[in-house]
Amino acid sequence: MANPVVSELLGRSNRLGANPRTTNYAGGNTSAKGTETDPVTQEPAELLWVKGSGGDLGTLTEPGLAVLRLDRLRALAGAYPGVEREDEMVAAFDYCLHGRGGAAPSIDTAMHGLVDASHVDHLHPDAGIAIATAADGPALTKEIFGDRVLWVPWRRPGFQLGLDLAAVQRANPQAIGVILGGHGITAWGATSEECEARSHEIINTAAAYLTGHARPEPFGELIQEPLPEPVRRERAAELLPIVRGLVSADRTQVGHYTATDVVLDFVGRERMPELAALGTSCPDHFVRTKIRPLVLDTAPDAALELVEARLKELHAAYREDYRAYYRRHADAESPAMRGADPAIVLVPGVGMFSFGATKQTARVAGEFYVNAINVMHGAESVSTYAPIDEAEKFRIEYWALEEAKLQRLPRPKPLATRIALVTGGGSGIGRAIALRLAAEGACVVVADRNAAAARKVAAEMGGTDTAVAVEADVTSEAAVAAAVREAVLAFGGLDLVVNNAGLSVSKPLLETTEVDWDLQHDVMAKGSFLVSKAAAKVLIAQGLGGDIVYISSKNSLFAGPNNVAYGAAKADQAHQVRLLAAELGPHGIKVNGINPDGVVRGSGIFAGGWGAQRAAVYGVPEEKLGEYYAQRTLLKREVLPEHVANAVFVLAGGDLTHTTGLHIPVDAGVAAAFLR
């Protein structure tokens, strides 16, 4: 990073983006103007560095900046064809790029380039948007800021808004920024420090005014107290699979649960349904939250069957309302309707469910709705909340430029939107399966009796938007129920369960104790039964089908020596596959098994003593056991945990849609274990 202007810009951007009071995730943009030597002419060139399309201020780095020649960008004003054709100007930005230009320029580039200031911040702070969405926003702006900050009426982001801001700045040299009606704030300064300070001044002044002039209870009386936390989480876990199944009518969604004080207070207030129906205002908000949320109107402790029936009614009505909204405003040039399901579901007494194509988008949608709640609270505390009208919202939501941005998104991975629970995921085969599923796009819950091992594996996959760890002893029905509940609360439901937890004790019949027998049957036979039972309840409630995969063993078929307890437990698991495939098939749930053999390297079972025991049985050194197993196979290849993970992916990856009740051998070819 050779240019100090860029360094200053990134530092300012990261500080602003890291503060939720200042702007929302991926919201707003910042810029700086400076000079660099043109490599062709060797003359100084005046440049604009501005956050590119789709970036996030809090994590912005130099590759995320668009770099444009300022003289060419400003010359576009002479070629501007008017507001009816302003979308054409985005393509024109490509002709202003410096060199390769860095990131793609965003729609807000004109705002930054045309305003005559070295540094510009455009932000979406809750306090600023509260003033921007107040019915008497212009008068409030004058009262709060005098002529230091000016009001600019709502205009869709674009080239014309850039021209408007430039004109306001020229006519008001005393101004440090503006309130953008229905949208946010913009500030400018001669230096990076001055610009950042002015952004904070606008935000802090607006927030102080809202606090000092707020009327009590702008959302009305609290008519629904939150349920106690344990009861609330239990209720959320019951409702989430039902809701997820409904809101996945057009495409499968991942969910996120929010029960912060702000959300619980809002959903319990008298005026919540009225305000929620008005929808959000800031373009960044409603593009992610849709035009309005679905509001559940049953009592928090109502019978689950009654709530489910009401949810189905409300969901059907929401979809029809959304289709009508689309029909009211769409024309021949509008993109096709993207889906009529809600992104936000408000549940009095319980909290908020948000949904998206990934865990991150679901979580961020929820965060944006919290921003919207804060905006509504601020506007209603000093005025009346008055978001931009429905037609303008549609113009943003179905903007051709927004559609183009969506089309540029990378193709989803095969397991995108799938939520997987892997038992025994803290080591060996389970770890390999968890890592493979995450690599293919799944959200993964790593369940293991060893909580530290589960957390370590989850951390290998990234943050909690990808994987979470839960402590689970599969021999305990309560522990299994808790693990499944945590999976649902983490990601909204469940699609794929891998019964992998296992152990083994190798002994001859006469030395096998009742304890040996019970331990292995409790973990593998009983454990798989308990996990499948708890998971099936969620899968059936969702109505989205799903997969249950058993990691059984070659020993479920092959009668090996000194192995009665382990082999019998694995045979139990193998027959559970057949029984559950028959029972759960009508619900679209596929149940299949995998029969590995000789997985020595990386195996938790072998590391726990099984390897030494089996090596003794076969009369080979323990370190040679893998080679021994490989040489007795038809392919003469050693089996690794990753090979078992491959088979899980094949079963759940979307190609074997009509396969259930199958056992796949992953043993490099053991003829004695062939299915027949």
Side-chain angles (χ1 to χ4, degrees), residues 1-20 22-40 44-73 76 89-113 115 118-124 157 162 191-193 195-196 199 284 287-288 357-361 363-364 401-402 404-413 439 441 461-463 465-466:
M1 190 185 302
N3 198 311
V5 173
V6 175
S7 180
E8 288 182 338
L9 172 60
L10 292 176
R12 179 173 102 239
S13 302
N14 295 162
R15 288 189 296 272
L16 291 171
N19 185 348
T22 301
T23 199
N24 42 255
Y25 173 82
N29 28 70
T30 52
S31 69
K33 302 176 181 75
T35 59
E36 277 193 354
T37 300
D38 187 313
V40 176
E46 194 172 3
L47 303 179
L48 171 73
W49 291 271
V50 59
K51 190 197 87 168
S53 179
D56 170 49
L57 287 177
T59 56
L60 186 65
T61 59
E62 189 168 6
L65 296 172
V67 189
L68 300 95
R69 294 289 293 255
L70 195 56
D71 58 345
R72 295 182 65 82
L73 176 61
L76 287 178
M89 303 306 287
V90 174
F93 292 154
D94 289 347
Y95 295 93
C96 304
L97 298 177
H98 179 65
R100 295 188 180 274
S106 78
I107 190 65
D108 286 321
T109 298
M111 177 195 305
H112 292 270
V115 168
S118 295
H119 299 266
V120 179
D121 292 337
H122 166 56
L123 304 169
H124 299 150
T191 67
S192 185
E193 293 80 3
C195 185
E196 185 174 359
S199 291
D284 265 22
V287 163
R288 291 168 172 83
T358 66
K359 169 65 177 186
Q360 184 195 47
T361 56
R363 173 178 56 78
V364 169
L401 297 177
E402 185 67 29
K405 185 189 299 184
L406 294 173
Q407 294 301 322
R408 289 196 300 267
L409 292 174
R411 184 178 179 180
K413 293 182 178 180
M461 291 178 264
D465 285 342
T466 300

4.5 Å side-chain heavy-atom contact, Val50 and Leu65: no

Give every donor-acceptor pair under 3.5 Å between a side-chain atom in residues 53-61 and any protein atom, sequence neighbours left out.
unit_1	atom_1	unit_2	atom_2	d
Asp56	OD1	Ala26	N	2.9
Asp56	OD2	Thr59	N	3.4
Asp56	OD2	Thr59	OG1	3.1

Between Asp108 and Lys51, does any NZ, NE, NH1 or NH2 come within less than 4.0 Å of an OD or OE carboxylate oxygen? no

Beyond-backbone contact of Leu16 with Leu123, side-chain heavy atoms, under 4.5 angstrom: yes

Test item: Thr361 side-chain N/O and Ala357 main-chain N/O as donor-acceptor pair under 3.5 Å: yes

Between Lys33 and Glu46, is there a salt bridge with N-O shorter than 4.0 Å? no

Treating Arg72 as the side-chain partner and Tyr95 as the backbone partner, does any N or O pair qualify as donor plus acceptor under 3.5 Å? yes

I'd like to check the ring pair (Phe, Tyr, Trp, His ring centres under 6.0 Å) partners of His122; sequence neighbours left out, ordered by chain and number. His124, His183

Tested for side-chain contact (heavy atoms from CB on, under 4.5 Å) against Trp49, the lone hit among Leu68, Val67, Leu10 is Val67

Rounding to 0.5 Å, atoms NE2 (His119) and CD (Glu196) come to a distance of 11.0 Å

Would you say the side-chain atoms of Asp94 pair up with the backbone N or O of Ala104, donor to acceptor, closer than 3.5 Å? no

Examine distances only and state if a side-chain atom of Ser199 and a backbone atom of Cys195 form a donor-acceptor pair shorter than 3.5 Å. yes

Name all residues meeting the side-chain hydrogen bond (donor to acceptor under 3.5 Å, both in side chains) criterion together with Asp71; count only those two or more places apart in sequence or in a different chain, and write none if there are none. none

What pairs with Thr22 under side-chain hydrogen bond (donor to acceptor under 3.5 Å, both in side chains), at least two apart in sequence or on another chain? Asn19

Using a 3.5 Å distance criterion without hydrogens, assess whether the side chain of Thr37 forms a donor-acceptor pair with backbone atoms of Pro39. no

Restricting to side-chain hydrogen bond (donor to acceptor under 3.5 Å, both in side chains), what partner residues turn up for Thr30, sequence neighbours left out? Ser13

Any Ser31 side-chain heavy atom under 4.5 Å of Thr109 side chain: no

List for me each residue that meets salt bridge (Lys or Arg N to Asp or Glu O under 4.0 Å) alongside Glu36, sequence neighbours excluded, and say none if there are none. none

